[in-house]
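Notes follow the structure.
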Amino acid sequence: QVYLAESGGGLVQAGGSLRLACAASGPTLAKNAMAWFRQAPGKEREFVATMNWSGSTIDYADSVRGRFTISRDNAKNTLFLQMNGLKPEDTAVYYCAAKIGMVPYSEIEEYEYWGQGTQVTVSS
């Protein structure tokens, strides 16, 4: 069984930065695609960013492209999300996800493993 644990969320002013981390335990996810999603109050969970194991394939939601950067340390089984230029509309619970297989997708249903989420709040 794979367990994912997010950390790094918090309260930040607009324009600020946060770095989220997702630590995976259990079987190694070194060859698996992983992703970040987020869910704002009253809204559906939405795609943020995804990448394959090597970083040769990366995709971002249009709303975060140019501001957020996804990366991973396969040796430490950890996924990261560097968030710069944060906006109030980025306020949400951020979830880490992993899928069986190497091809990254932006669809929620493609991912089998999920963390509990970490809250990010951006004040104006």
Side-chain angles (χ1 to χ4, degrees):
Q1 180 67 30
V2 173
Y3 296 95
L4 304 175
E6 302 93 339
S7 62
L11 174 64
V12 64
Q13 289 188 333
S17 298
L18 283 174
R19 189 188 194 209
L20 305 183
C22 171
S25 60
T28 179
L29 296 175
K31 296 294 187 181
N32 298 69
M34 298 186 71
W36 290 96
F37 290 81
R38 67 185 182 186
Q39 187 166 16
K43 295 187 177 182
E44 294 186 350
R45 193 170 299 187
E46 65 176 9
F47 166 73
V48 175
T50 185
M51 68 181 298
N52 67 342
W53 69 277
S54 68
S56 61
T57 303
I58 292 177
D59 191 24
Y60 296 96
D62 289 342
S63 58
V64 307
R65 186 174 286 113
R67 300 187 297 123
F68 291 10
T69 302
I70 188 172
S71 63
R72 63 194 291 174
D73 183 336
N74 290 325
K76 297 182 178 180
N77 242 10
T78 304
L79 181 73
F80 301 98
L81 185 68
Q82 177 66 44
M83 305 186 295
N84 299 328
L86 283 162
K87 305 175 181 180
E89 52 263 44
D90 294 318
T91 294
V93 176
Y94 283 70
Y95 297 91
C96 169
K99 68 182 299 291
I100 298 172
M102 296 186 291
V103 180
Y105 291 97
S106 60
E107 290 81 10
I108 291 175
E109 57 269 21
E110 291 288 338
Y111 292 85
E112 289 82 11
Y113 305 109
W114 292 85
Q116 293 300 307
T118 184
Q119 176 71 48
V120 171
T121 303
V122 185
S123 63
S124 56

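No donor-acceptor distance shorter than 3.5 angstrom exists from the side chain of Thr57 to the backbone of Met51, with no hydrogens or angles considered. Side chain of Thr78 to backbone of Lys76: a donor-acceptor contact under 3.5 angstrom is found. Although no hydrogens or angles enter the test, the distance criterion places a donor-acceptor pair under 3.5 Å between the side chain of Tyr111 and the main chain of Tyr105. Of the possible polar contacts, none joining the Asn74 side chain to the Asn77 backbone as a donor-acceptor pair under 3.5 Å is found. Not one N or O on the side chain of Gln116 forms a donor-acceptor pair closer than 3.5 Å with the backbone of Glu6. Using modelled atom types, no side-chain atom of Thr118 and backbone atom of Tyr94 make a donor-acceptor pair closer than 3.5 Å. Between the side chain of Gln82 and the backbone N or O of Arg19 there is no donor-acceptor pair closer than 3.5 Å. With hydrogens and angles ignored, the 3.5 Å screen pairs no side-chain donor or acceptor of Asp59 with any backbone N or O of Pro104.
Contact record, Pro88 with Ser124: CG-CB, 3.8 Å, taken as the closest heavy-atom pair. Closest approach of Tyr60 and Phe47 over heavy atoms only: C-CE2, 3.6 Å. The shortest non-hydrogen separation linking Leu4 to Ala98 is CD1-N, 3.8 Å. In terms of heavy atoms, Asn84 sits closest to Ser17 at OD1-OG, 2.9 Å. The two residues Leu81 and Ala49 come nearest to each other via the heavy atoms CD1-CB, 4.4 Å. Between Thr50 and Met34, the closest heavy-atom pair is OG1-O, 2.9 Å.
The number of heavy atoms from other shown groups lying within 6.0 Å of CD (Glu107) is above 12. Residue-environment remark: CD (Glu44) stays at or below the threshold of 12 foreign heavy atoms within 6.0 Å. Residue Trp114 qualifies as enclosed at atom CH2: its count of foreign heavy atoms under 6.0 Å is above 12.
Tracing side-chain contacts under 4.5 Å through hydrophobic residues (I, L, V, M, F, W, Y), one never reaches Val48 starting from Val93; they form parts of separate clusters. Each of Met83 and Tyr95 belongs to its own hydrophobic cluster when Ile, Leu, Val, Met, Phe, Trp and Tyr are linked at side-chain heavy-atom distances under 4.5 angstrom.
Inter-residue side-chain proximity for Thr91 and Gln119 is flagged as met; some heavy-atom pair is nearer than 4.5 Å.
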(request) Carefully, step by step, assess Cys96 and Trp36 under the rule side chain to side chain contact (heavy atoms under 4.5 Å, CB included). (result) CA-CA 5 Å; Cys96 169; Trp36 290 96; 4.0 Å; yes

(message) Determine whether Arg38 and Val64 satisfy the following criterion, side chain to side chain contact (heavy atoms under 4.5 Å, CB included), listing intermediate values before the conclusion.
(response) CA-CA 11 Å; Arg38 67 185 182 186; Val64 307; 3.9 Å; yes

(message) One pair to check against side chain to side chain contact (heavy atoms under 4.5 Å, CB included): Phe68 and Leu86. What are the steps and the verdict?
(response) CA-CA 9 Å; Phe68 291 10; Leu86 283 162; 3.8 Å; yes

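Salt bridge annotation for Lys87-Asp90: absent, with no cationic side-chain nitrogen under 4.0 angstrom from a carboxylate oxygen.
Within the model, atoms CZ of Phe80 and CD1 of Ile70 stand 11.5 Å from one another, a figure rounded to the nearest 0.5 Å. In this structure, the separation between OG on Ser25 and CD on Gln1 is 9.0 Å, given to the nearest 0.5 Å. Rounding to the nearest 0.5 Å gives a distance of 8.5 Å between CG of Asn52 and CE of Met102. The CZ atom of Arg72 lies 10.0 Å from the CD1 atom of Ile58; values are rounded to the nearest 0.5 Å.
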